[in-house]
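Below: one structure, written as structure tokens.
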Amino acid sequence: MMKKILLSLFFLFPLFAHAGQMVDKIVATVDNKVITQSEVDEAYAFIKSGRIPVKNPNITKTQLIEELINRAILNAEIEKQNITVTSAEIDNLISSKAREQGMTVDQLKKKFDEAGIKFELYRERAEEDIKRQQFMQKVIMPKVKVSDYDLEQYYKAHSSYFMGYGQIRFLEMFLTPMTVPAGKVFNTFVQETALSLQKGASWSELAKKYSQGAFASKGGDSGLVDTATLKPGLLQILTRLPQGKISDPIPMSGNGVFIFKVLEKGKPTILPFLQVKEAVRDMYFNGRVEIELQKYLAQTKSYHFVNIKAP
């Protein structure tokens, strides 16, 4: 079962230069891997700067150290699997990410230069992501067993995720770090854009200029769409958003931020199980994989020498 898994925060850390080029205070060790104070401080400052969206922008330094420890443990476990990645695989992933942003690779590199991030670090992160995904498919995913009974029970317990209207029309704004004007901080730009929309700025003009969403060329207007074609997470957001109201900015997996406004929707009904079975399967499976990953990390932690220094 080959699925793209939403993983925990330590997969979503920003690209920062690793410390270790000078004598530095060691805050933790994992086997022969050291985690330094400057590494923690640099990652923490980057997260708090708002230059990229993260899953938990309110993370504390103590939590950050724990995430870095988990990341080091997972990397060590991945190394045991002798997973190799080719340059072609890295190039293909980067090309795919560039296309998702509506850019060429050269344009993507330019955006990283403007943000002060070395593109070589982005390539390193791409390689890490491929290795982790292969590790998940090889070690973690096989631990998850899915039966029709499991899916039916999950569907009943989460029926609000599978609401439909027949058709719905909405406005979409998808902002990413790659669309931020030079000199602007991402989170600040998002808040400014949201405020502009609240004050009546032209959604169409802003979407055509800054949005990376599927409907950007149409000014963010989805037109009337069949709700059966929408992903459950999106459908849930649109279901709960009152018609005519603009949503708060919604971070999505570290890739960007959505803003929505529902223009038209009919009477909500729960979609039949068979109609949304595959969506139910994806949500259930991804949730179980995340649980199995956390169990795996807790179990394997005892096999590694982990030492957290006193402050």
Do [X] and [Y] touch side chain to side chain, with heavy atoms closer than 4.5 Å?
{"X": "V27", "Y": "L68", "answer": "no"}
{"X": "L235", "Y": "L271", "answer": "yes"}
{"X": "L171", "Y": "M173", "answer": "no"}
{"X": "M283", "Y": "F162", "answer": "yes"}
{"X": "D91", "Y": "R123", "answer": "yes"}
{"X": "T62", "Y": "I65", "answer": "no"}
{"X": "T179", "Y": "F174", "answer": "no"}

query = In terms of ring plane angle, is the pair F119 and Y122 parallel, tilted or perpendicular, where the classes change at 30° and 60°?
reply = tilted
query = Does any N or O in the side chain of D31 come within less than 3.5 Å of the main-chain N or O of F305, such that one atom is a donor and the other an acceptor?
reply = yes
message = With a 3.5 Å distance limit and no angle check, can you tell me whether Q243 reaches the backbone of L263 through a side-chain donor-acceptor pair?
response = yes
request  = Applying side chain to side chain contact (heavy atoms under 4.5 Å, CB included), run through V257 and F186 and close with a yes or a no.
outcome  = CA-CA 10 Å; V257 171; F186 178 72; 3.8 Å; yes
ask   = After noting the C-alpha distance and the side-chain angles of E67 and Q63, does the key distance pass the side chain to side chain donor-acceptor pair (under 3.5 Å) rule?
value = CA-CA 6 Å; E67 294 286 3; Q63 292 171 328; over 6 Å; no
Over all atoms of both residues, closest heavy-atom pair of [X] and [Y]:
{"X": "I259", "Y": "P249", "value": "CG1-CA, 4.1 Å"}
{"X": "L151", "Y": "V146", "value": "CD2-CG1, 3.5 Å"}
{"X": "A214", "Y": "E172", "value": "N-OE1, 3.2 Å"}
{"X": "I94", "Y": "L108", "value": "CG2-CD2, 4.1 Å"}
{"X": "A207", "Y": "A216", "value": "O-CB, 3.9 Å"}
{"X": "F260", "Y": "I250", "value": "CD1-CD1, 4.0 Å"}

Shared hydrophobic cluster for [X] and [Y] (ILVMFWY, side-chain gaps under 4.5 Å):
{"X": "I26", "Y": "I69", "answer": "no"}
{"X": "V34", "Y": "I308", "answer": "no"}
{"X": "L224", "Y": "L230", "answer": "no"}
{"X": "I140", "Y": "I291", "answer": "no"}
{"X": "Y303", "Y": "L74", "answer": "no"}

Where at least one partner belongs to [range], residue pairs that pass salt bridge (charged side-chain N to carboxylate O under 4.0 Å, His left out), sequence neighbours excluded:
{"range": "residues 215-225", "answer": "R169-D221"}
{"range": "residues 146-161", "answer": "D148-K277"}
{"range": "residues 194-212", "answer": "none"}

task = Name all residues meeting the ring-ring contact (aromatic ring centres under 6.0 Å, His included) criterion together with F273; count only those two or more places apart in sequence or in a different chain, and write none if there are none.
result = Y155
message = The criterion is ring-ring contact (aromatic ring centres under 6.0 Å, His included); which residues satisfy it with Y44, sequence neighbours excluded?
response = none
Which residues satisfy the side chain to side chain contact (heavy atoms under 4.5 Å, CB included) test with [X], sequence neighbours excluded?
{"X": "S160", "value": "Q236, R240"}
{"X": "Q198", "value": "I246"}
{"X": "D248", "value": "none"}
{"X": "E127", "value": "V85, I90, K131"}

ask   = Is any NZ, NE, NH1 or NH2 atom of the basic residue among E292 and K295 found under 4.0 Å from an Asp or Glu carboxylate oxygen of the other?
value = yes
inquiry  = For a salt bridge (Lys or Arg N to Asp or Glu O under 4.0 Å) check, start with the C-alpha distance between R125 and E128, then their side-chain angles and the critical distance, and finish with the verdict.
reply    = CA-CA 5 Å; R125 180 53 52 85; E128 289 180 9; 3.4 Å; yes
task = Count the heavy atoms of every other residue, nucleotide or ligand shown that sit under 6.0 Å from NZ of K265, and state whether that count exceeds 12.
result = yes
task = Decide yes or no on side chain to side chain contact (heavy atoms under 4.5 Å, CB included) for F285 and M141, but give the supporting numbers first.
result = CA-CA 9 Å; F285 183 83; M141 292 183 188; 3.9 Å; yes
Gap between atom NZ of K184 and atom CD of E192 - 0.5 Å precision = 3.5 Å
Rounded distance (nearest 0.5 Å) linking atom CD1 of I130 with atom CG of L93 = 5.0 Å
Residues that S302 engages under side-chain hydrogen bond (donor to acceptor under 3.5 Å, both in side chains), provided they are two or more places apart = none
For a quick test of your reading: what N or O donor-acceptor pairs under 3.5 Å do the side chains of residues 75-82 make, sequence neighbours left out?
{"unit_1": "N75", "atom_1": "OD1", "unit_2": "R132", "atom_2": "NH2", "d": "3.0"}
{"unit_1": "N75", "atom_1": "ND2", "unit_2": "R71", "atom_2": "O", "d": "3.4"}
{"unit_1": "E77", "atom_1": "OE1", "unit_2": "Y296", "atom_2": "OH", "d": "2.6"}
{"unit_1": "E77", "atom_1": "OE2", "unit_2": "K80", "atom_2": "NZ", "d": "3.1"}
{"unit_1": "E77", "atom_1": "OE2", "unit_2": "H304", "atom_2": "NE2", "d": "2.6"}
{"unit_1": "Q81", "atom_1": "OE1", "unit_2": "K138", "atom_2": "NZ", "d": "3.1"}

message = Taking ring-ring contact (aromatic ring centres under 6.0 Å, His included) as the cut-off, I'd like each qualifying pair that reaches into residues 199-246, sequence neighbours left out, listed once.
response = F170-F215, F189-Y210
